[in-house]
Protein chains: 2
Amino acid sequence: MDHSGTVALAVSTVIFALGSQPDTGRVGLRLPLVRRIREPYEGQWALPGGPLRADEDLAEAARRNLRDTTALTPRYLEQLYAFGTVDRSPDDRVVSIVYWALAESAETTSGEHDNVRWFEADHLPTLAFDHATIVDYALWRLRTKIEYSRIAHAFLGETFTLTQLREVHEAVLGKPLDPANFRRMIESSDAVIPTDLRLTGTSHRPPRLYRYNRDFAFADRGPLTLS
Amino acid sequence: MDHSGTVALAVSTVIFALGSQPDTGRVGLRLPLVRRIREPYEGQWALPGGPLRADEDLAEAARRNLRDTTALTPRYLEQLYAFGTVDRSPDDRVVSIVYWALAESAETTSGEHDNVRWFEADHLPTLAFDHATIVDYALWRLRTKIEYSRIAHAFLGETFTLTQLREVHEAVLGKPLDPANFRRMIESSDAVIPTDLRLTGTSHRPPRLYRYNRDFAFADRGPLTLS
DNA sequence: ACAAAAGTGTTGCGCCTACACCCATGC
DNA sequence: GCATGGGTGTAGGCGCAACACTTTTGT
């Protein structure tokens, strides 16, 4: 290992989107990985990331990862953790500052080039470095945070029904939720604003469309007004 | 600003301990700062920290900060956040990975050398860089975390009474708590184990001494088993 | 009319708060 | 005995989970 005095700094991103599993057809979490084209771990799958450029902020770098690998813009982006144990990269010393992002579900089937591929979050291949640990942690953060914070809208479009929002929660948490109580929980939280529009074309009573309350975000987390 | 391509990596630590304010005599949060002896911000107060050595883990570096500035060992240590905006240091590009620590209250009056001094957390001088923001965020994390997690024991010795533990919570949160309900809350959480010992020498019924339940820590946070 | 999901009402349980009250020790 | 905090008991309220019920559309 190279302990000659330099520590490399990288930024990686765990990107979540929703997609239906080809086998069961159920909606679940998916995330994109890139195939490594260099040693170490050549040929294995890893999180998108790269060195931090001197003229870009950390969150900017994460956004760039996301754009380069998926051509998507994150609807939610938050720093996850800085991973920096001495032995996490076999040949050199790398500290990775990892972000996690939520993106609107898009083409999550095999991408343009074969070096980027979307996987189901609970059927991942063997990952390079400590990236399996990182994904586990990101999944844990997503699941715990969705329970007390209102971030699920980030998986959806500009407007959405409360049933769609509930289905996001159900897919992330992996369990069914009571529609009536879910409705009251969301409505009383102020996270969402009703529009005059309704979703038509269904074979039943047309549900109201809602929009995310942008002001709500500022009441969210402490004294940091980031990203 | 130097954007020639190198990004420096530093580790800093916000160290909290309890101490009685000289004026009011009430117990409050205190933290140590070091006086900068170089430009930029020469003469101003800053968080203890320094560059990351290539052969030490991030948490190790934080522990070293703590030992070097206060000669204390942390009773609790956790990563806070990685701060890395491009302009946070005027002359070069520095990314700081910041830890926060709790230490048993010790000599928090002016230290041996004049370059390290303990300050009351809500009467800090002007700080160098973005360190005021960092301390604000660390305070917010401490205050929100003490409500749902059981970390207050880290300010105390090996054994303590529930009243001492309650006084820690009161000092951190800045508000009085009901002794009866606090007792039940702690006891039902399993965070603490009663000993056979009692604290004597008081002018009233001798209170039972408790010990922290080391097993409890593992049930705490997600899939990361750190520090 | 019927199906199916949207949306509303209601009840009961559990937890948390507030506060009354007894207990054990030093002086 | 009295003062002082240690420690226990208990009633009211709030929030949430469960589930019955009504509404509104398409076919």
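We use all heavy atoms of the structure for the numbers below, so side chains are in, but hydrogens, waters and symmetry mates are not. Proteins come first, then strands; the chains are lettered A, B, ... in the order of their sequence lines, and each starts at number 1.
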Worksheet item: Glu187(B) CD to dG6(D) P: how many Å, rounded?
Response: 13 Å
Discussion item. Each nucleotide in nucleotides 11-21 of chain D should get exactly one letter: B, S or -. Can you fill that in based on protein heavy atoms under 4.0 Å?
Written reply: ------BBB--
Worksheet entry | Separation of dT24(D) C1' from Arg208(A) CZ (nearest whole Å) | 13 Å
Worksheet item: Angle class for the His131(A)/Phe129(A) ring planes (parallel below 30°, perpendicular above 60°, tilted otherwise)?
Response: tilted
Worksheet item: dG6(D) P sits how many Å from Leu197(B) CG, rounded?
Response: 17 Å
Discussion item. Quick test of your reading: applying side chain to side chain donor-acceptor pair (under 3.5 Å), list the pairs with at least one residue in residues 166-183 of chain A, sequence neighbours left out, ordered by first then second residue.
Written reply: Arg166(A)-Glu170(A), Asn181(A)-Arg184(A)
Hey, what are the protein-to-nucleotides 21-25 of chain C N/O distances that come in under 3.5 Å?
residue: dC23(C); atom: O2; partner: Arg205(B); partner atom: NH1; Å: 3.1

Practice prompt. Please tell me which of Thr200(A) and Tyr210(B) maps to the more 5' nucleotide of DNA chain D, matching each residue to the nucleotide holding its nearest heavy atom.
Written response: Tyr210(B)
Worksheet entry | Distance in angstrom units between Met185(B) CE and dG7(D) P, rounded | 16 Å
Worksheet item: Whole-Å distance between dA5(C) C1' and Leu177(A) CG?
Response: 17 Å
Practice prompt. Please work out which of the three classes, parallel, tilted or perpendicular, describes the rings of Tyr137(B) and Phe83(B), given edges at 30° and 60°.
Written response: perpendicular
Discussion item. Quick check: on DNA chain C, is the nucleotide nearest Gly201(B) upstream (toward 5') of the one nearest Arg166(A), or the reverse? Name the residue that is more 5'.
Written reply: Arg166(A)
Worksheet entry | Minimum-distance pair of heavy atoms, taken over all atoms of Arg211(A) and Phe160(A) | C-CZ, 4.2 Å
Discussion item. Side chain to side chain donor-acceptor pair (under 3.5 Å) for Glu78(A) and Tyr76(A)? Distances and angles first, verdict last.
Written reply: CA-CA 7 Å; Glu78(A) 183 187 324; Tyr76(A) 183 79; 2.4 Å; yes
Item to complete: Write down the distance between CZ (Phe182(B)) and C1' (dC15(C)), rounded to a whole number of angstrom.
Response: 18 Å
Response to the item:
All heavy atoms of Arg64(A) vs all of Glu56(A), minimum pair found to be NH2-OE2, 2.5 Å
Item to complete: For residues Pro32(A) and Val116(A), report the shortest heavy-atom separation together with the two atoms involved.
Response: CB-CG1, 4.4 Å
Practice prompt. Mind checking Thr163(A) for me? I need base, sugar-phosphate or nothing, with any heavy atom below 4.0 Å counting as a touch.
Written response: sugar-phosphate
Worksheet item: What is the distance, rounded to the nearest whole Å, between atom CG of Leu199(A) and atom P of dT24(D)?
Response: 18 Å
Worksheet entry | Ile186(A) CD1 to dG7(C) P, straight-line distance once rounded to whole Å | 14 Å
Worksheet item: When you measure from the side chain of Ser189(A) to the backbone N and O of Ala191(A), does any donor-acceptor pair fall under 3.5 Å?
Response: yes
Fill in: Heavy-atom pair of closest approach, residues Ala128(A) and Gln44(A)
N-OE1, 3.8 Å
